[in-house]
Amino acid sequence: MKNKRIANIILILFLILGLAFPVFAEDAAVATVNHASTSGIDTLWVLIAAFMVFLMQAGFGMLEAGLIRTKNTCNVLMNNFLDFCMASTAFFIFGYAIMFGKGNGFMGLSGWGLVNVTHEGSIPLEAAWLFHAVFCGAAATIVAGGIAERMKFKAYLMYSFLVSATVYPIVGHWVWGGGWLAKLGFSDFAGSTVVHAVGGTAALVGTIMVGPRIGKFNKDGTANAIEGHSMALASLGTLILWFCWFGFNPGSTLSVGDGSFMSKVAVNTNLAAAVGALTAVFFAWYLFGKPDLTMSMNGALAGLVAITAPCAYVVPYEAMIIGFVSGIIVVLGTIFLDRIHVDDPVGAVPVHCMNGIWGTIAVGLFGREGLGGLAGNGLMHGGGFKLLGVQMLGTFTAVIFVVVAMTIIFKMIDMIVGLRVSRDEELKGLDLSQHGMEAYSGFQVFINR
Amino acid sequence: MKNKRIANIILILFLILGLAFPVFAEDAAVATVNHASTSGIDTLWVLIAAFMVFLMQAGFGMLEAGLIRTKNTCNVLMNNFLDFCMASTAFFIFGYAIMFGKGNGFMGLSGWGLVNVTHEGSIPLEAAWLFHAVFCGAAATIVAGGIAERMKFKAYLMYSFLVSATVYPIVGHWVWGGGWLAKLGFSDFAGSTVVHAVGGTAALVGTIMVGPRIGKFNKDGTANAIEGHSMALASLGTLILWFCWFGFNPGSTLSVGDGSFMSKVAVNTNLAAAVGALTAVFFAWYLFGKPDLTMSMNGALAGLVAITAPCAYVVPYEAMIIGFVSGIIVVLGTIFLDRIHVDDPVGAVPVHCMNGIWGTIAVGLFGREGLGGLAGNGLMHGGGFKLLGVQMLGTFTAVIFVVVAMTIIFKMIDMIVGLRVSRDEELKGLDLSQHGMEAYSGFQVFINR
Amino acid sequence: MKNKRIANIILILFLILGLAFPVFAEDAAVATVNHASTSGIDTLWVLIAAFMVFLMQAGFGMLEAGLIRTKNTCNVLMNNFLDFCMASTAFFIFGYAIMFGKGNGFMGLSGWGLVNVTHEGSIPLEAAWLFHAVFCGAAATIVAGGIAERMKFKAYLMYSFLVSATVYPIVGHWVWGGGWLAKLGFSDFAGSTVVHAVGGTAALVGTIMVGPRIGKFNKDGTANAIEGHSMALASLGTLILWFCWFGFNPGSTLSVGDGSFMSKVAVNTNLAAAVGALTAVFFAWYLFGKPDLTMSMNGALAGLVAITAPCAYVVPYEAMIIGFVSGIIVVLGTIFLDRIHVDDPVGAVPVHCMNGIWGTIAVGLFGREGLGGLAGNGLMHGGGFKLLGVQMLGTFTAVIFVVVAMTIIFKMIDMIVGLRVSRDEELKGLDLSQHGMEAYSGFQVFINR
Amino acid sequence: MKLIIAYIQPHKLNDVKQSLYAAEIHKMSVTNALGCGQQKGYKETYRGVVLEVNLLKKVRLEIAVNDDFVQPTVDAIIKGARTGDIGDGKIFILDLAECIRIRTGEKGKTAIG
Amino acid sequence: MKLIIAYIQPHKLNDVKQSLYAAEIHKMSVTNALGCGQQKGYKETYRGVVLEVNLLKKVRLEIAVNDDFVQPTVDAIIKGARTGDIGDGKIFILDLAECIRIRTGEKGKTAIG
Amino acid sequence: MKLIIAYIQPHKLNDVKQSLYAAEIHKMSVTNALGCGQQKGYKETYRGVVLEVNLLKKVRLEIAVNDDFVQPTVDAIIKGARTGDIGDGKIFILDLAECIRIRTGEKGKTAIG
Ligand SMILES: Nc1ncnc2c1ncn2[C@@H]1O[C@H](COP(=O)(O)OP(=O)(O)O)[C@@H](O)[C@H]1O
Ligand SMILES: Nc1ncnc2c1ncn2[C@@H]1O[C@H](COP(=O)(O)OP(=O)(O)O)[C@@H](O)[C@H]1O
Ligand SMILES: Nc1ncnc2c1ncn2[C@@H]1O[C@H](COP(=O)(O)OP(=O)(O)O)[C@@H](O)[C@H]1O
């Protein structure tokens, strides 16, 4: 009997050793073997996703450059490039503390410069920071498209620092940092509101405050088309963005688990984008008589933005419905902006603001309790208006907050350095007037428009 | 004694808890901890590979756009962009069911719309679907290059839906869905036949049925060069494709294991591409007197296509031989098509069709039993003509099937909307005539050719 | 009581089976389950990192093409494309053996063609080879920028083979292959010296030996600006490079562990790049009166190069200091080269050579013992001049070696085929004279400069 | 008949077109050009080097008209293009010996309009 | 000597070149141009806005010839360029006072060909 | 007044500009052109097909001058552009009936310079 007990113990020890040995070599602790391994995979996944979201800078850069005129290409590229640098720095010093620091329901107030931050969760602080920093950069860069071709470079630099240091992290705190919206049960899986509605609304405020480009609207109220200079760049940018969205949405699972969760998110993301693109192109074809490449691209982006909040909470056919609606929204939104004389050269508002709102609300319509950890059912699944109400409250509060905050910020910048270049500088092009350089030296370009 | 037993039990419990705790938090079941982990990694890998294969759309888009004229750039970009959207949708509703559903040796017949599908294997259904959907998109988009600069946009849209819903999944079923070729022991690791020969043959049928571009062939039978408008885009596209192929081939392992299998596949892939490029450039240099950039790019792609089937079954020096032969094939194939008056603007046929066939046959020559799970030895390793015969049977049957199926499909489309734009529309360019827009507004372009 | 023991045993068996079963199915051995898994993840990570580093070819290609004139675009793209093919082949046959083979402190001498190589470490030989092959390709391609617009294509091809077969692997052996510098404790985490200083110095030697472009310097000694032809391509290239650097630096951990190490490396990499870009743009703005896009891009790359060696050994604020200094260096370095009449069209020398040296030395300043496995403290952390001395010794010896070796190699090539095209060919452009083709057929381009 | 060649500022093209239309002149040909005139060039900086650009982007109009249309055309161009700043451009007038419409073979006065 | 300027449809350039070669006229200069003539413009749509394009892409030929070559040149251009549709283009003929070959300094008749 | 049109090799533009400046001629207009002259074309190969290119890239100068400036201008162009090789280019001289400065409305001699 004793022997058996001894055998027992040996068996157990053998088991412990057998399992632990290779782990000891690595992590020097038995109890953490699986934990370590899980944490490793999860970090790997989050980092790769972060790298992909970083690449969105290239996507946005090419898309925005492609949709504006040659004479402002350097400017938009530079805005796009430096806003990420600004966002990296600002989010390092201020943003992360405001977004995830201990504070109140409105904002965090500790962890400036990432000093003395204790981080919970399976991934290390640094990975979490990088993942959120690239999201912040994405939100910031959305504005570059809306205010393109007429905002002063200095003004844009100041904007990009301020938005990344304050506006974005505050809304982020509400939703992802344990703020008041999180406590209400507001659910925005990967950021339809936090990233896109925030960025898109900032773009809306910016484009209204800086005013339409010279020549965009006629005296009789009709709009002119100011064609983008390279559909190849725009198309490349869109495809890069779609690719990066596979980091944006599935990456927001923040863990790999058995892989099924992130797979579902990836499939929803892809289907919403595909249906969004097809809807937009057919709808625009029906309205304008020709299939428009820019509309199909914006339709895909609209689908991607819209599925960003609900991607974890819905099933594929619902993702397709969400994508379908987003394709309609983006076309009508573009027409609507032209009607009300808001000049948004690349469609930042219909894509990011309008569809960011739509996607957030879609959670309240199609969300399924339990799926992706959602707390309640949406309207379509018998959850009544509760979740829907919270979602609408959340996204509209965020939009209103951004309108107020960005109005103040842009007013301030206007007073200090001025928002808009002079008429002459705008006609000459921002590349020459702001940067003293040309984007396409050697090519013969028309600069008469 | 009792104490000891109690200690024993505590030890065991402690062990269970120690191991399981972090897992409980995630997966709520002890017994699945390791399983979950393997499945997690595998899914992670397959998803990342799928994302990379998705990015091939950007690669193909830039390559094809770069190799055609400015006046058709929007059209080719739009074909390329929307065929993926079409493929996503068609492969969701029909394709997956035909390819992997239960049915007969010819095609699957269950699982339409991914409803009621039970999926075996270590990765979840959704990951498997996405991986195969992006492959389907890649096959579909190959055709965009072949028929570029003259096919009606509507006709292309219809084609892209039909090929993704029927032709591609049927051949896929034969080889990867347990169909008749799979049962014969036909081996196509990552799709030299399933993706490339299918896409390339469809391109061949399309380009023949739509006819050569105006001005491509002279009355005396000689061919004219119609130069592509941007070598920068073409080169970018090629490098993106090469990058994505690291998802295409190594990703087809579908599992990580100890990492050695996918490493071998990656190395073979890289070497075949490098040798293919070098061979093509030197061979073309020898033939035409100048080192031609487009030939070096097509050589790399030829190597990549050719190694796609055998990448798991051969050793590096054999990959180099396969790449070498593919470099020769692509140059001769290009010349040959010009001779027989088939106008393939980007080289879709020599790259994808001819080298897809070559790569499949190469398995029968160089394949090694056991490597990558191959059932028999190729001719060079003493396996005689058995494997070689099956490989040839498989790839040629697939090609013939595609020829027949695509002829019917294109004929049908021709009857309904017409395949080709009018002479005037072609001269004006498809961007203006089909889409009412310009790709490079602001640039001064020659449209006299 | 007996029952309890039996229960005990059953529990244990159940536990063993429960844990082991899914593993058996995969790996057929209990004891290796975790080990295998670690090796799988590590390989996955190294391969993905290698794929990203491969994509640097697209980054360099676009950057370099964007910064030169239209008439030499095909040439620079082709140099860039084929040097990777050459590097792949040369590093397969010779390079890996010299770098990692058994030999002496100067070079390895075994393992030619990867035959009979035994590989230690957690990742398979093939993954290790691919990772180092793409590094070798990156080093080789740096030179394409420096000698752009005037070197003969044949000469460049020969150079690219020789550098990958000999010069790069020899320095690599010193540092990463257990050579004499490794033994001295020289630490270059991801290759500020091994890749960048080597590539940058080779570019310096090349650009001096081939001489400045016609029209770059005036008789009075002043320099002319020869503007690049596409800022969009240059900007795309820079962003791709930044993205790929997340494979370059964090990937050099070669293992995932619990994820914290690679996260730290990624954050340092990102911050140095952001600060480098901001510093360069503000400093250039201050000096020249306008914010220059090319300087901001080169600033980011300078930060990336500089942080490459120390990324594992420093904390974030030190990464920002290193980035700051690199931004200053790159601007002053560019001016300095113009002063001494070295014509480096894309800034390969200030970015890669100067900042490669700076980054290596920075390890001796800011390195922290223990962090990333560093053997001693840097000057700032009380380590005195020991580490600093070794770092300076290492990087300067490497630079001197490359100067000597490349001088010999370029002289040899000059004797055999000649380094530089004729005056007429240079004026016409290398695209026409070397390749008989145009990069932008259909666009109206100025070729008067 | 006369051939009128005008160099104007690129961003004035639309205004000039409008005032030509207003004067019932509907036919013209436009090319891009670089011009060097009284207007001083500007400086670009590129990678630390200053670049004097003294060939400025201009638009070149070519309008063939009957003699009695010369003055209205010149007036219309001036109306559309003048800002009073240096760089407004110049108009050159050449004698036009003949004008032929390719489509119909018509010549002279009837072909020009 | 005369200077012949012709505006033709871009895709007719090759045909015109062939018929000029056939008439033994081998020297010419070609530029891109935008033209506004009888041919109506077309509409583009871009992001939901209609865009009237009335400056159409044309090719401009400049050919200096001796007086006895004027008619053959005009005929050859017409032969190559005419389709009978609106937009076929126009030919303008100017007197050419002098012609100098830079390489040799030759002048007039001998320089032109 | 005369209108001088010169076709030169693109890479000679800078030299020509210098020698025009040296001759105190500061005003000119420049366009890109393709030219077909005595200079033989060259061959490109693209994906295995040979392509005869016989329209070579040229630069077209347009300079309006007063009559006494014609010779200096021609000389300056020749000085800057001549290499003695085929393809150096040509100079055409047309009578200029009138010249108007848009900014001031000045005409003739005073407007031209
Ligand atoms: N003598 C000339 N010959 C050819 N082109 C001229 C001449 N004078 C002026 N131009 C063209 O007219 C443009 C405007 O001339 P500029 O002297 O700057 O105008 P303004 O007299 O209004 O200041 C120049 O850029 C050039 O293209
Ligand atoms: N009076 C004119 N002045 C300058 N260019 C003209 C004039 N008339 C015609 N052109 C040029 O000729 C082109 C063809 O003219 P258009 O009237 O359309 O031809 P068609 O007479 O065959 O219909 C125009 O696009 C324009 O470039
Ligand atoms: N008769 C002509 N009409 C119009 N352009 C001409 C004529 N002759 C020459 N050119 C222009 O001048 C350029 C140089 O002419 P070319 O005969 O090659 O020079 P060269 O006499 O020095 O050999 C041609 O490419 C063309 O643009």
Side-chain angles (χ1 to χ4, degrees), chain B residues 5 8-9 12 15-16 19 30-35 37-38 41 44-45 48 52 69-70 227-232 235-236 238-240 242-243 246 250 256-260 262-264 266-267 270-271 274-275 277-278 281 289-293 296-297 300 316-317 443-447 449, chain C residues 1 4-5 8 11-12 15 18-20 22-23 26-27 33 36-37 39-44 47-48 50-51 54-55 57-58 61-62 65 73-74 77-78 81-82 84-86 88-89 92 113-114 123-127 129-130 133 153 230 233 434-444:
Chain B
R5 248 178 293 138
N8 249 6
I9 292 168
I12 295 167
L15 178 64
I16 296 174
L19 286 168
V30 183
T32 59
V33 46
N34 280 286
H35 181 63
S37 180
T38 308
I41 283 204
L44 180 61
W45 172 220
I48 290 172
M52 289 170 77
R69 288 166 291 180
T70 44
E227 292 180 294
H229 84 279
S230 174
M231 292 305 115
S235 168
L236 174 64
T238 306
L239 285 165
I240 290 178
W242 188 332
F243 168 71
F246 286 124
V256 170
D258 68 352
S260 61
M262 60 200 219
S263 304
K264 290 199 175 86
V267 168
N270 192 60
L271 286 174
V275 173
L278 291 173
V281 77
K290 293 266 177 180
D292 181 328
L293 176 56
S296 67
M297 301 188 304
Y317 82 86
F443 283 94
Q444 188 150 333
V445 291
F446 293 106
I447 57 158
R449 21 178 192 186
Chain C
M1 211 173 86
K4 293 219 172 132
R5 251 179 292 139
N8 249 6
L11 194 65
I12 294 166
L15 179 64
L19 286 168
V23 175
E26 293 268 320
D27 295 291
V33 45
S37 178
S39 155
I41 284 202
D42 289 351
T43 309
L44 180 61
L47 282 183
I48 290 172
F51 303 160
F54 166 79
L55 195 62
Q57 297 296 323
M62 295 304 110
T73 306
C74 287
L77 290 168
M78 203 153 175
F81 187 66
L82 289 179
F84 180 79
C85 299
M86 282 292 186
S88 280
T89 318
F92 183 76
L114 243 59
I123 58 168
L125 170 66
E126 286 84 1
W129 178 80
L130 191 69
F153 178 61
S230 174
L233 291 184
Q434 298 285 295
H435 307 285
M437 59 193 311
E438 283 172 87
Y440 295 101
S441 171
F443 284 94
Q444 188 150 334

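All chains are named by letter (A, B, ...) in the order of the sequence lines, taking the proteins before the strands, and each is independently numbered beginning at 1. Owing to the predicted nature of the structure, the values given are computational and were not obtained by experimental measurement.
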Is chain B contacted by the side chain of C/Phe92, its backbone, both, or neither, given a heavy-atom distance below 4.5 Å? side chain
Just do the side-chain contact (heavy atoms from CB on, under 4.5 Å) check on C/Tyr440 and B/Phe443 with the steps written out, would you? CA-CA 12 Å; C/Tyr440 295 101; B/Phe443 283 94; over 6 Å; no
What part of C/Met78 lies closer than 4.5 angstrom to a heavy atom of chain B: side chain, backbone, both or neither? both
Using a cut-off of under 4.5 Å for heavy-atom pairs, which of C/Gly61, C/Ala127, C/Ala50 has the most such pairs with chain B? C/Ala127
Out of curiosity, C/His435 NE2 to B/Lys290 NZ, how far, rounded to the nearest 0.5 Å? 9.0 Å
Rounding to 0.5 Å, atoms CG (C/Leu77) and CG (B/Leu293) come to a distance of 6.0 Å
Is chain B contacted by the side chain of C/Phe51, its backbone, both, or neither, given a heavy-atom distance below 4.5 Å? both
Portion of B/Leu236 that has a non-hydrogen atom of chain C nearer than 4.5 angstrom: both
Worked verdict on B/Asp292 versus C/Met437 for side-chain contact (heavy atoms from CB on, under 4.5 Å): CA-CA 8 Å; B/Asp292 181 328; C/Met437 59 193 311; 3.8 Å; yes
Let's test your reading of the structure: which of B/Leu239, B/Ile240, B/Val256 forms the most heavy-atom pairs below 4.5 Å with chain C? B/Leu239
At a heavy-atom separation under 4.5 Å, does C/Ala65 approach chain B through its side chain, its backbone, both, or neither? neither
Audit row: B/Met262, C/Leu44, side-chain contact (heavy atoms from CB on, under 4.5 Å) steps and yes/no: CA-CA 8 Å; B/Met262 60 200 219; C/Leu44 180 61; 3.6 Å; yes
So for C/Leu114, is it side chain, backbone, both, or neither that comes closer than 4.5 Å to the heavy atoms of chain B? neither
Step by step, would you call B/Trp242 with C/Gln57 a side-chain contact (heavy atoms from CB on, under 4.5 Å)? CA-CA 10 Å; B/Trp242 188 332; C/Gln57 297 296 323; over 6 Å; no
With only heavy atoms counted, which part of C/Leu47 is less than 4.5 Å from chain B, the side chain, the backbone, both or neither? side chain
Which residues pass the side-chain hydrogen bond (donor to acceptor under 3.5 Å, both in side chains) test with C/Ser88, not counting sequence neighbours? B/Asn270
